[in-house]
Protein chains: 2
Amino acid sequence: MNDFQIDMNEFLPLRDVVFNTLRKAILTGQLRPGERLMEVHLANKLGVSRTPIREAIRKLELEGLVIMIPRRGAEVAQITEKSLKDVLEVRRSLDVLSVELACERITREGMEELLSACEEFEQATKGKDASIIAKADVKLHDIIVEATGNQRLKQLVNNLSEQMYRYRFVYIKDESQHDKLIAEHREIYEGILERNKEKAAAAARLHIDNQEKSIISQIRLEKRM
Amino acid sequence: MNDFQIDMNEFLPLRDVVFNTLRKAILTGQLRPGERLMEVHLANKLGVSRTPIREAIRKLELEGLVIMIPRRGAEVAQITEKSLKDVLEVRRSLDVLSVELACERITREGMEELLSACEEFEQATKGKDASIIAKADVKLHDIIVEATGNQRLKQLVNNLSEQMYRYRFVYIKDESQHDKLIAEHREIYEGILERNKEKAAAAARLHIDNQEKSIISQIRLEKRM
DNA sequence: TCTATGTATTATGTATACAATCTTACATAG
DNA sequence: CTATGTAAGATTGTATACATAATACATAGA
């Protein structure tokens, strides 16, 4: 399975292609925590020289996805229950901020997009394809952070969300939760529509709380194996 | 003025030394927004080769301190009123989260440190040295985020604070504001002591609001010049 | 048998060389 | 005088070479 490949379609400097490739490989679990990232090995595998590999690793380092050991190189950072709880704690706060700001700033068009995103999500849950559901979920949240008009917030929320990429399916696969998810989305939508910060914030908070429960129980399951 | 130098005392890979050097130069304004970072030039200036320079630039890029223009290289990112407002908006939210978590989690020792930090700050304001005041202020806030026990939060708050490094003096130099700052710190301290989240959060929010006012008026002043 | 030391191997850290592309300036044609 | 084309120079993008530190393994000595 350890068989990620470079996507040559992209018209980007190699360092960015490598960065995206490694990033995705880490977030999807193709590169496992603790695994060493050896430059020549990766360079051969991806068909580039060491330079772009190194530059990509520098960025992964700053993102916290790999840790550097001096004179030994990079390895994939461990994802612990603690580190995920930390991420979720921050994300909860920023998601609440997002919906609150959206209450103030969303435009008429944004509101329409949000409604159709809610409906799309609802439709998606009727099918069986988890990746379609996940995509609909992401789109919905993207519309909200976009509505804040705060680029920094958008960047941070996206980054924090991606930290949990590996677990994005656990709370979506569980069909018994679908009605709950739909209701939460609808509550957030209504809150923003009514420009009711408290309502929207409470719903967003609940939304993350539920995700946290799913993800944490999944981690404990994995640890036992 | 454009005369930053490498600090050779540090025992770190050159890329990290260069990263820290450039970072500081940008945050203090020695490297001005819009200024180009040319690799050979920096390499000669700092007495290293292009490789560590490039790796440092990759990290600055991810931090948003420089922007990359393809085939043209890096230049120092512009700091606009909008981008600072965005940063402050996020920071307000995370500072509030920090004091709320501190209410739950701070230890007895943490509480003692916080008290003495408050007193140190109060003492510092009696002197005239702004950098001592600034340092006392930073220490106080460090104790709070440390008390949350959330490493990710700590990293993000520190990063966001540093984005405003250039303006750290504007709200500290103004002596008429000192009493207000002391009172706000004291209010935060009391809130955490009483484990009163609402009180602590309100004080933290007020604290950032006041900083924002100082910084924004300073920026408008600079723009006019 | 265990420990210590030396050597070979491997990978990173840094520097440099080469290639591709962009900018700029200058010349020439309209 | 202006506009366009071309060539030279400068700068980034990528690859490779060299230096140095860490590691592992083997061998010698106690």
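In the text below, chain A, chain B and the rest are named by the order of the sequence lines, each starting its count at 1.
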How long is the line joining [atom1] of [X] and [atom2] of [N], in whole Å?
| X | N | atom1 | atom2 | value |
| --- | --- | --- | --- | --- |
| B:Leu42 | D:dT11 | CG | P | 12 Å |
| A:Ile57 | C:dA11 | CD1 | P | 13 Å |
| A:Met68 | D:dA22 | CE | P | 14 Å |
| A:Ile53 | C:dG13 | CD1 | P | 14 Å |
| B:Arg36 | D:dA10 | CZ | P | 13 Å |
| A:Asp16 | D:dT14 | CG | P | 9 Å |

Exercise for the section: Using salt bridge (Lys or Arg N to Asp or Glu O under 4.0 Å) as the criterion, list what pairs up with A:Lys139, not counting sequence neighbours. Expected result: A:Glu120
Problem - B:Arg50: partners by salt bridge (Lys or Arg N to Asp or Glu O under 4.0 Å), with sequence neighbours left out - result: B:Glu39
Atom pairs under 3.5 Å, N or O on each side, protein against nucleotides 14-16 of chain C: can you list them with distances?
| residue | atom | partner | partner atom | Å |
| --- | --- | --- | --- | --- |
| C:dT14 | OP1 | B:Leu14 | N | 2.9 |
| C:dT14 | OP2 | B:Leu14 | N | 3.3 |
| C:dA15 | OP2 | B:Ser49 | N | 2.7 |
| C:dA15 | OP2 | B:Ser49 | OG | 2.9 |
| C:dA15 | N7 | B:Thr51 | OG1 | 2.7 |

Handout entry: D:dA30 - base-pair partner by Watson-Crick or wobble geometry, distances under 3.5 Å
Key = C:dT1
Problem - Under-4.0 Å salt bridge between A:Arg205 and A:Glu100 - result: no
Practice task
Not counting sequence neighbours, list each pair that qualifies as a ring pair (Phe, Tyr, Trp, His ring centres under 6.0 Å) and has a residue in residues 135-162 of chain B.
Solution key: B:His141-B:His185, B:His141-B:His207
Problem - Sequence neighbours excluded, every pair satisfying ring pair (Phe, Tyr, Trp, His ring centres under 6.0 Å) that has a member inside residues 47-87 of chain A - result: none
Problem - For B:Tyr167, ring-ring contact (aromatic ring centres under 6.0 Å, His included) partners two or more places apart - result: none
My understanding is that only residues two or more places apart in sequence, or in another chain, count here; which of them pass side chain to side chain contact (heavy atoms under 4.5 Å, CB included) with [X]?
| X | value |
| --- | --- |
| A:Glu81 | A:Lys85, A:Ile216, A:Ile219, A:Arg220, A:Lys223 |
| A:Asn210 | A:Lys180, A:Glu184, A:Leu206, A:Lys213 |
| B:Ser83 | B:Ile79, B:Thr80 |
| A:Ala124 | A:Ile132, A:Ile133, A:Ala136 |

Exercise for the section: Determine the contact category for A:Leu37: base if any of its heavy atoms lies under 4.0 Å from a base atom, sugar-phosphate if only primed atoms, P, OP1 or OP2 are that close, otherwise nothing. Expected result: sugar-phosphate
Practice task
Would you indicate what A:Ile69 reaches in the nucleic acid, counting non-hydrogen atoms under 4.0 angstrom: base, sugar-phosphate, or nothing?
Solution key: nothing
What N/O pairs connect the protein and nucleotides 6-8 of chain D at under 3.5 Å? Give each pair on its own line.
none

Completion exercise
In terms of heavy-atom contacts, B:Ile172 and B:Ala130 come closest through CG2-O, 3.9 Å
Produce the list of close N/O pairs, under 3.5 Å, pairing protein atoms with atoms of nucleotides 19-23 of chain C; give distances to one decimal.
| residue | atom | partner | partner atom | Å |
| --- | --- | --- | --- | --- |
| C:dA20 | N3 | B:Arg71 | NH1 | 3.2 |

